[in-house]
Amino acid sequence: MTAGLFYGMRGMPAAGWRRKLGAESMQKDAVMNPGVDTDVVASAFFRRYYHGLQTDPHTLAPFYHDGSLLTFEGENYQGTGAIIGKLQSITAVTYEVEETYAQPSMNGGICVLVKGTLRINQYPTRFWEFFQIMPTTEDYWILNQIFRSETYDY
């Protein structure tokens, strides 16, 4: 092997295996819908999401699929039933979304970071939540979700 080159699959230089894997087409696919304003989609999606979360978490079931994964304070939940069960177990919580950051991802998806304050029995704490939402023919669904707060005792 030549010094200074990173070797990947089967001793091939990294540039070679990236070409072999189709990295050029993956980069083109990274922004599948250039006409979609990711900030507008994310804002509308999360207005509905956090409203449902505060009023009746069961109504969020259409936002998830069997392959959806939630990591909540380090614990993993996969699939609609497990995720909705976890969300329903969190009571007396209100969410105030302060900022959302969105960017396009592969296959028309959108990665979103939400920053805000949640109140548990009126005690405020900061939270951060990451989502990867994927398009359907009519809407978006949550593929990946990670939730962290400054302090937690749920």
Side-chain angles (χ1 to χ4, degrees), residues 8-9 14 17-18 20-154:
M9 296 170 47
W17 63 263
R18 281 191 193 107
K20 187 170 183 79
L21 292 175
E24 292 82 8
S25 67
M26 287 192 301
Q27 289 171 349
K28 290 177 190 170
D29 290 344
V31 184
M32 290 285 291
N33 301 318
V36 173
D37 186 332
T38 56
D39 291 323
V40 170
V41 170
S43 177
F45 185 86
F46 290 106
R47 234 186 338 266
R48 290 182 311 157
Y49 178 83
Y50 285 105
H51 175 75
L53 189 59
Q54 293 179 118
T55 57
D56 182 6
H58 190 266
T59 63
L60 298 178
F63 286 77
Y64 297 99
H65 288 183
D66 289 339
S68 298
L69 180 64
L70 163 65
T71 301
F72 190 92
E73 301 290 11
E75 293 184 31
N76 292 327
Y77 301 87
Q78 184 164 4
T80 305
I83 293 170
I84 296 301
K86 176 59 183 173
L87 298 178
Q88 287 179 316
S89 75
I90 305 165
T91 58
V93 176
T94 58
Y95 296 85
E96 298 167 16
V97 174
E98 296 163 6
E99 298 177 50
T100 59
Y101 303 92
Q103 59 182 226
S105 71
M106 302 286 285
N107 300 319
I110 300 174
C111 292
V112 182
L113 179 63
V114 177
K115 175 183 156 194
T117 300
L118 63 86
R119 296 180 185 279
I120 303 170
N121 296 319
Q122 299 305 315
Y123 295 102
T125 189
R126 311 282 298 151
F127 78 92
W128 298 265
E129 198 157 18
F130 168 84
F131 296 85
Q132 182 177 22
I133 60 175
M134 302 303 291
T136 65
T137 56
E138 298 174 9
D139 204 354
Y140 285 81
W141 62 281
I142 299 168
L143 175 61
N144 300 97
Q145 179 178 359
I146 302 170
F147 177 90
R148 293 299 284 184
S149 65
E150 287 181 341
T151 58
Y152 62 94
D153 185 17
Y154 303 101

Contacts of His51 that satisfy ring-ring contact (aromatic ring centres under 6.0 Å, His included) - sequence neighbours left out: none
Going by the rule side chain to side chain contact (heavy atoms under 4.5 Å, CB included), which residues pair with Asp66 if we only count those two or more places apart in sequence or in a different chain? Thr80
Treating Asn107 as the side-chain partner and Gly109 as the backbone partner, does any N or O pair qualify as donor plus acceptor under 3.5 Å? no
Heavy-atom nearest pair, Ser105 first then Gln132, reads OG-NE2, 3.3 Å
Steps toward side chain to side chain contact (heavy atoms under 4.5 Å, CB included) verdict (Leu118, Thr94): CA-CA 6 Å; Leu118 63 86; Thr94 58; over 6 Å; no
Would you give the length of the straight line joining atom CG of Leu60 to atom CG of Leu53, rounded to the nearest 0.5 angstrom? 6.0 Å
From CA spacing to verdict: side chain to side chain contact (heavy atoms under 4.5 Å, CB included), Phe147, Phe130: CA-CA 7 Å; Phe147 177 90; Phe130 168 84; over 6 Å; no
Checking Val114 against Trp128 for the side chain to side chain contact (heavy atoms under 4.5 Å, CB included) test, could you report, in this order, the C-alpha distance in whole Å, the side-chain angles of both residues, the deciding distance, and whether it holds? CA-CA 6 Å; Val114 177; Trp128 298 265; over 6 Å; no
side-chain hydrogen bond (donor to acceptor under 3.5 Å, both in side chains) with Gln145: which residues, sequence neighbours excluded? Tyr49, Tyr64, Glu129
Residue pair Phe72 / Ile90: nearest heavy atoms and the distance that separates them: CZ-CD1, 3.3 Å
Sequence neighbours excluded, the answer for side chain to side chain contact (heavy atoms under 4.5 Å, CB included) partners of Ile110 is Thr38, Val41, Ala102, Val112, Ile133, Tyr140
Approximate separation, where rounding is to 0.5 Å, of Leu70 CG and Ile146 CD1: 9.0 Å
Partner residues of Arg119 under the salt bridge (charged side-chain N to carboxylate O under 4.0 Å, His left out) criterion, sequence neighbours left out: Glu96
With sequence neighbours left out, what residues match Thr136 under side-chain hydrogen bond (donor to acceptor under 3.5 Å, both in side chains)? none
Identify, with sequence neighbours excluded, every residue that meets ring-ring contact (aromatic ring centres under 6.0 Å, His included) alongside Tyr95. Tyr50, Phe127
Under the side chain to side chain contact (heavy atoms under 4.5 Å, CB included) test, which residues partner Arg48, sequence neighbours left out? Phe45, Phe63, Asp139
Check side-chain hydrogen bond (donor to acceptor under 3.5 Å, both in side chains) between Thr59 and all other residues, then give those that pass, not counting sequence neighbours. none
Are Gln78 and Ser68 close enough that a side-chain donor and a side-chain acceptor fall under 3.5 Å? no
Output all residues satisfying salt bridge (charged side-chain N to carboxylate O under 4.0 Å, His left out) with Asp39, sequence neighbours left out; order by chain, then residue number. none
Distance in Å, Ile120 CD1 paired with Ser149 OG, rounded so as to fall on 0.5 Å steps: 6.5 Å
Looking at residues at least two apart in the chain, or sitting in another chain, which of them share a side chain to side chain contact (heavy atoms under 4.5 Å, CB included) with Glu98? Lys115, Thr117, Arg126
In chain order, what residues pass the side-chain hydrogen bond (donor to acceptor under 3.5 Å, both in side chains) check against Glu138, with sequence neighbours excluded? none
